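Predicted, not measured: the structure shown is a model, and the values here were computed from it. Proteins come first, then strands; the chains are lettered A, B, ... in the order of their sequence lines, and each starts at number 1.
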Amino acid sequence: MSELAPQFDPKQIEGPLIERWLEGGYFCGVPDAGKTPFDITIPPPNVTGVLHMGHALNNTIQDVLIRKNRMAGRPTRWVLGTDHAGIATQNKVEQKLAKEGLSRSEIGREAFTRKCWEWREQYGSRIVDQLKSMGCSCDYGDEWFTMNESYQRAVREVFVDWYDAGLIYRGRRIINWCPRCTTALSDIEVEHEDIAGRLHYLRYPLLTPVGERTHITVATTRPETILGDTAIAVNPGDERYTELVGSFAVLPLVGRKLELIADDYVDPDFGTGAVKMTPAHDPNDFEVGQRHDLEQINILDENGVINDQGGKYAGLDRSECRKVILADLEAGGFVEKIEEYPHAVGHCYRCHTQIEPYLSDQWFVDMKPLAAPALSAVRDGRVKFHPERWSNVYYHWMENIRDWCISRQLWWGHRIPVFYCDACGGQFASKDDLSACPDCGAPLRQDEDVLDTWFSSQLWPFATFGWPQESAELAYWYPTSALSTAPDILFLWVARMIMSGLYFMDGQAPFSDVIIHPTVFNKEGKRMSKSLGTGVDPLDLMESYGADGMRFGLMLQVTGVQDLKFSEEKLLSSRNFANKIWNAARFVLMNTEDYQPVASPPTPTHTVDRWILSRLYGLSSRVTGGIDRFEFGEVARELYEFVWNEFCDWYIELAKGRLQDSAAERAAVQRMLVFVLDQVLRLLHPMMPFVTEEIWGKLPLERAHEAEMLVVAAWPDPSVLARYHDTEAESAIETIKAVISALRTTRARYGISPKTALRAVVRTSLPEQTEFITSRRALIEGLANTSSLEVATVLDKPPSSVSVIGAGLEVFIPLEGLVDLDAERARLSREQDKLATELERLQRKLGNEGYLGQAAAAVIEKDRARAEELQELLAKIEGQIADLS
RNA sequence: GGGCGAUUAGCUCAGUGGGAGAGCGCUGCCUCGACACGGCAGAGGUCACUGGUUCAAGUCCAGUAUCGCCCACCA
């Protein structure tokens, strides 16, 4: 009796199997100098994070690659770890403190970072556990963290190297400032979003009238910034203002004298052609200010509140200030008009607060020298993007790259390893902490800022192998094989890994293939997001469909598309698919209790066996190639179709009768059932690791020569299975299927119970067909319930019979008294029209000289054969219609 | 303002030059010893639109429309 329940229950097997895989140590990659490794460093999830749909998709992709290559015998390793995620984690910890009525400034830097580490201890393993429950075969014994000791050394090594090379510098610039996170951000951490803004036309009185002109009008979207105005600019070629250049205006409400200057930056066609200059709060104005030596007046504090420079407006929040200033301007008659003006403004990618362009001292990386080799690496194919179109996006960004602001005014992160001597003014970047000035011996103080999280993330593919420590491990596993990730971190992370990898690892890119998977959207086309409430929790999905069901359902949805509208139905069918596999295995196990396992592969003689093995060969070839080409959706569909429509619907059904045959026949079928199921479980394992492992463990295999578990069993080698390729058997089985389908269709059409045995008469077109069908009549009798089966090349249509035609055959089914002759005649007539139309089209094509001259011979041959077949079919139908009249 | 992607059956989507497909849903029949998370049989589509290339176009090219995404320092 089978030990398997009739319905597959993922919950019962998933936990224990994870334990067994871990205990077996199968996930720890072991270097083998003679073999090419396959390894991936996981995109490290944030320590604060929980598993979302993007992770579920991305990690399934990686696990499929890892498991397939592990089975194929390559030393395989999937490096695991988490990212300290500066802003995100700091925000979480601050929120927690706030609940306790505390703020970070109250407890101080040291206590605060301690709290962050505690947070990491408490929640850092959450997402790792979730990866385990998905079945991800990461190297759990070697978990990394972007702030661990070794990683800190890597970060310092990089900083100091680039500092010494002049690639890292400090500068006073306009950067993107988030007043809520109170830190600088890099350009790519800003999300542009259209808002319904307004363009305010403001009248600035001239100090002394020029001719009839008493004022000049400027346009601005941010009236509160007038507090920082230090000039007015016009285009030098703009004749409207030529006479005013060099004169002065008076800043409303403030009274500051503003010179009218001329600069090419100004577009005379926009607004009034005159622009107020606020060098401390606008990047363009800043540059104009540099050229004209304008005063920079910073009017905001770090929280976005007007500072002392704002006079009576000091203390107002920036948005409040806008309202108050506008009211005052209106009252003073300075507002000429206000227009609706939708435009894009930047928002913080972490907290979504409006970004403030802000003048401050920050650290930058000079990117152009790093970008050049990284461009070549993709251009000459050392790094390939999948789908390929993403390389254009990469080129565009890299070609227009700007310097990277890497300093953050946070406490949680890698502190910038630069030390200042207040005594002698010295500045030192150092891999080790310094306490005394190397020049004068005075005490030093370290820079207060930390580095952008992405500064450390970019080192992931080599820092996780212990770099900067040179080691055999690093040499063996670097460069890694593939990287799979979401498109939204292409610039933040992927591009930077390529740049730093090439720079520090001797010109070797960190990976050869970058898989950019689709972004997961919900059915309404909205981004899956927890905060928007549009997300689906992968843990819930695994609860409903099992880990295998979720994984396979996701793989079915991965094609070359850019955005993926998540379909839960696919997960349902995948759960059902797992159940189908489970029950096919039950059938095999129930029928092999008396089977003696053998190690050698089968040598099939029966046509059905030759057929399924030939199909298996084709499957192995498509699955192997498909995974290697990252065509996951295609692979999933191939597996689904083979298991369900070929193995279950036909092979197993045809096997049922044969199992009751002679002992030799039964043994042969048993051998086949075990072999095909074994092979197909191997092919399925990367996508559905749990159900396949569980079943495989129960298969009657010759265990002495087998791997301990499926996770490390040998991958089916298409070049070995190629010996089973057998087109003759494939077409022979098509014939059998055609006869059976003809009988079934007739039953359904006339409502004849499956229990009523039918008499069938088959007219074939070839003697070989007659012979084959005759020799396999038992199969037909079994699946179509025929009481007698007469087959011949020459025979008369039996009286009162209906007929079905196809595949060079005519199947006649005598249905004395059961058939509505009119209905049958109408049906045949419809069939005739259909075939005639097809034939007509085909003949027109075959009469076309251009076609005959240029089309491939095989294509023409195929069409000719089809035309011939159609003519035969039409002749038969005509005969049948005549018979019925 | 630039770039990319999508538009195929009621829904979600495969299908990159020669016979329109899948899953779910729908209809009919089936409690047949693997599976009702199942079996068998069916219905359902002018492949967004216009033009072009080709002997041949869902598939290649150009344009249009609609939707979506990314990049972008014109106040």
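- Taking only side-chain atoms of A:Lys580, from C-beta outward, the nucleotide of B:G19, B:G38, B:C24 with the closest atom is B:G38.
- When the nucleotides B:A14, B:A72, B:A75 are ranked by their closest atom to the side chain of A:Val266, B:A75 comes out on top.
- Between A:Lys755 and the phosphate of B:U31, there is a side-chain N or O to OP1/OP2 separation shorter than 4.0 Å.
- Between the side chains of A:Arg586 and A:Asn583, at least one donor N or O sits under 3.5 Å from an acceptor N or O.
- Comparing B:G44 with B:C4, their P atoms sit 40 Å apart, to the nearest whole Å.
- A:Glu641 comes within 4.0 angstrom of no nucleic acid atom, judged by non-hydrogen atoms across all strands.
- With a glycosidic angle further than 90° from 0, B:C30 counts as anti.
- For the P atoms, the distance linking B:A22 with B:A14 amounts to 16 Å, nearest Å.
- In this model, no side-chain donor or acceptor of A:Lys565 finds a partner on the base of B:U12 within 3.5 Å.
- A donor-acceptor contact under 3.5 Å links the side chain of A:Gln7 to the base of B:C37.
- Atom NE2 of A:His517 and atom P of B:G5 are 18 Å apart (whole Å).
- Distances shorter than 4.0 Å separate some side-chain N or O of A:Thr745 from OP1 or OP2 on B:G42.
- Here the side chains of A:Leu699 and A:Leu681 are in contact, with some heavy-atom distance below 4.5 Å.
- The aromatic rings of A:Trp397 and A:Phe491 sit parallel to each other, their planes meeting at less than 30°, with 60° as the upper class boundary.
- Here the two rings, on A:Trp390 and A:Phe385, have centers that are 6.0 Å apart or farther.
- Judged by distance alone with a 3.5 Å cut-off, no donor-acceptor contact links the side chain of A:Glu569 to the base of B:A22.
- Note on A:Tyr341: a side-chain N or O is less than 4.0 Å away from OP1 or OP2 of B:A75.
- Nucleic acid contact class of A:Tyr265 (heavy atoms, under 4.0 Å, all strands): base.
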